[in-house]
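All heavy atoms count here, side chains included; hydrogens, waters and symmetry mates do not. What you see is a predicted model; the values in this text were computed from it and never measured.
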Amino acid sequence: MKPLKSAFEQGAPTAPSNVREATVQRTDVIAPPTRPIPLSLILLVVVVVHLPLLLMKLPLKSYDTNFHILFASHYVHHWFNPWNPKWYAGFSQTTYPPLPQQWIALVSHILGLDMAYMAVQFAAILLLAVGVYRFSLLWVSARAASIAALASVFLGSESFLVYSAGQLATTCAAPIYLNALPFLFEWVRHGKWRSFLKASALFTAAAAAHHATLLFGSIFFAVPVLALVLLDRQDGEPVSTRAFMGRTITIAVVVGAAIAVVLLPFWIALIHYPVTQAPIPHPSRANYILSPQWGLNYFIVPYGALILALPFIFLRGSMVTRLRPLLLGFWVAFMVGLGGTTPVGHLLLGRAFDVLTMERFSYWATLLALLFLGLLAAELVDRYRLWAVVSLTVAAAFSCALAMSWATFRPADAEDFKVDSVASWLNRDGHDQYRYITLGFGNKIARLAVMTDASSVDGEWNSGRSLPELTKFGGGALTSSKYFNKPGLDALRAMLMHADKYGLKWVFVRDHYYDPLLSFAGWRQVDNLEDKTITVWSKDGVPPATPVNSAQIPPHWQGLMWGILPFGSSLVAILVLFVPERKRGQLRATGSLAHDELLVQGRMAS
Amino acid sequence: MKKGYPLAILLGASTVAFILIGTEWPVPSAPAYAVGGSLLRSSSTPETAASHLADEIRAKAWDKAYASLANKAQFTEQEFVHDITGYYPSLRTYATLDSLK
């Protein structure tokens, strides 16, 4: 400000002082803000936007939060024994990567399970902002990268997964993965062993959080980064094709081996007991045009105002050579994320299309879109100043607010209710010697399982099911049988028919649709709870439940591995990040891309 | 044409084409959630009209199913729904449970 004022004074010595002052202020506003937003400020925005909602425990309303808390509660008491008898008469938790849940279990000793979940989720959101910033720096200027990181705080898909879907594993793994990618670039581009070490450790920790993120992230995120190395290989310090191939194969082999060892019990479970059960319908696989209600849920809400940026993403991604690999990664993730709207997901994923849910692909697509959004926002602000800032802020706030409040507009449970009385009933008078199921409890069954000592033959982790009554019909949780039509009711009938075999003596009914079915199956009402809104049904002559002798029970050595290696991988990742990194490579990467960005300045609006 | 535009056009056109294909010939899992079948298929023939009605009944879209009937003046929507689903709590719905022990 001072030099500008001095220059003006020298150029117009006779001008009145009040005009001088006004001109100086105007000059100050006109100067384009080319500096990046400080990362510390972005992290503060995360605190302001997300911390209050997490302290209010808003994610507890989501679909899967209580599922993760149930897994964590098991690790609290049985860190080295992944066999959980609470669901399906027993199932192995080695069927799901454990890292976020183990961190919840650890932190719960201080904060309790619910707040520990919120703390881990909060850490993931903070890490996401850092990861988006670092990943974007590979492609765009520091300023655009910082705007992308700021946009990640308001990202609809992130809020949708956190507050509505409760996909803790996906939202934890993605930021770890994004933070690993710049190290991958540094290793393959410059052969820096420190980066190799850090990339390997972070990739392994990301897999320990969510294996699918690593698998598909390799296609959507890592392949574009490797393509970027090839595109940049002649800039500055050249890298030969042989070195490129050697380094790529080296890290792929090392990371692959590390993941194979760290998640060995998971792979063993997957190979010995592959997911062959009848596919369970999921609305994310719907055609969003034929089923607009699901299009709203899985496209409009996660993308929000990002939809308006889609033309820019396609145009800019096509015009800038080094952005093209990223555009292709985005496009594939975008198409698969559209579920059954296009045949792409079905063609690319095969049978996995009927097992996976598609909203995570939209999440990855939006993460890839963020740096394009950073570019767009930077150019809009340069051109339209305050109007652009206001418009972008409104769009970001709208996207974020819609996704955050979506759990209220479309709650996981049609009606919120407490399961404390059911848990108390089960925990007293020896009722927990028998197994139970619920009908009409929705995803409250995970909450109930956390609170009771009794075992159920129902559950919400479909890949962990082994009871034939549940796997062969294509229904989901028994508690929601009627929503799966005939397959769901067939599974329920089969389970009721075999009640004696599993020690199933109690049925808690909150939806009286099932009353005639229970009556015909020989059950009778014995009690009621919660002002008669929940009835307890029983069957005479059922023997007490005995532990199932399942072949899926992991041996002790697998339990030890499961308790040590995944969590240990996160500790190693944290430790190696303290190894100091030279600035040289990062500056080079940032400098080279700023050049490209300058080449296309102004094209967006022209 | 500016450099890079062909790729943008290719991806954009492919996106539209895939959406059209996915809507006209949905993947097996998609129609389970759809109401009224394909947007690209009209109900101009008796076959497609019957198919749409079946889709709507399967999706429990009672309003749409009832609205598509030509003789709806003869019964109310509630009677129509009851006729399809059975009068709650009709135990006949669960008649197949008779053999359970």
Does the ring center of Tyr303(A) lie less than 6.0 Å from the ring center of Phe334(A)? yes
Residue pair Leu228(A), Leu326(A): steps toward the side chain to side chain contact (heavy atoms under 4.5 Å, CB included) verdict: CA-CA 9 Å; Leu228(A) 183 67; Leu326(A) 199 68; over 6 Å; no
With respect to chain B, which residue among Asp500(A), Leu315(A), Leu338(A) yields the maximal number of heavy-atom pairs within a distance under 4.5 Å? Leu315(A)
Looking at Trp294(A), does the NZ or CZ of Arg410(A) lie under 6.0 angstrom from its six-membered ring centre and within 45 degrees of the ring axis? yes
Any chance CZ of Phe75(B) has more than 12 other-residue heavy atoms, nucleotides or ligands included, within less than 6.0 Å? yes
Quick one: what part of Leu328(A) sits under 4.5 Å from any heavy atom of chain B, side chain, backbone, both or neither? side chain
Among Leu327(A), Ile313(A), Leu310(A), Thr342(A), which has the most heavy-atom pairs under 4.5 Å with chain B? Thr342(A)
Name the member of Leu10(B), Thr15(B), Leu11(B), Ile19(B) that forms the most heavy-atom pairs with chain A at distances under 4.5 Å. Leu11(B)
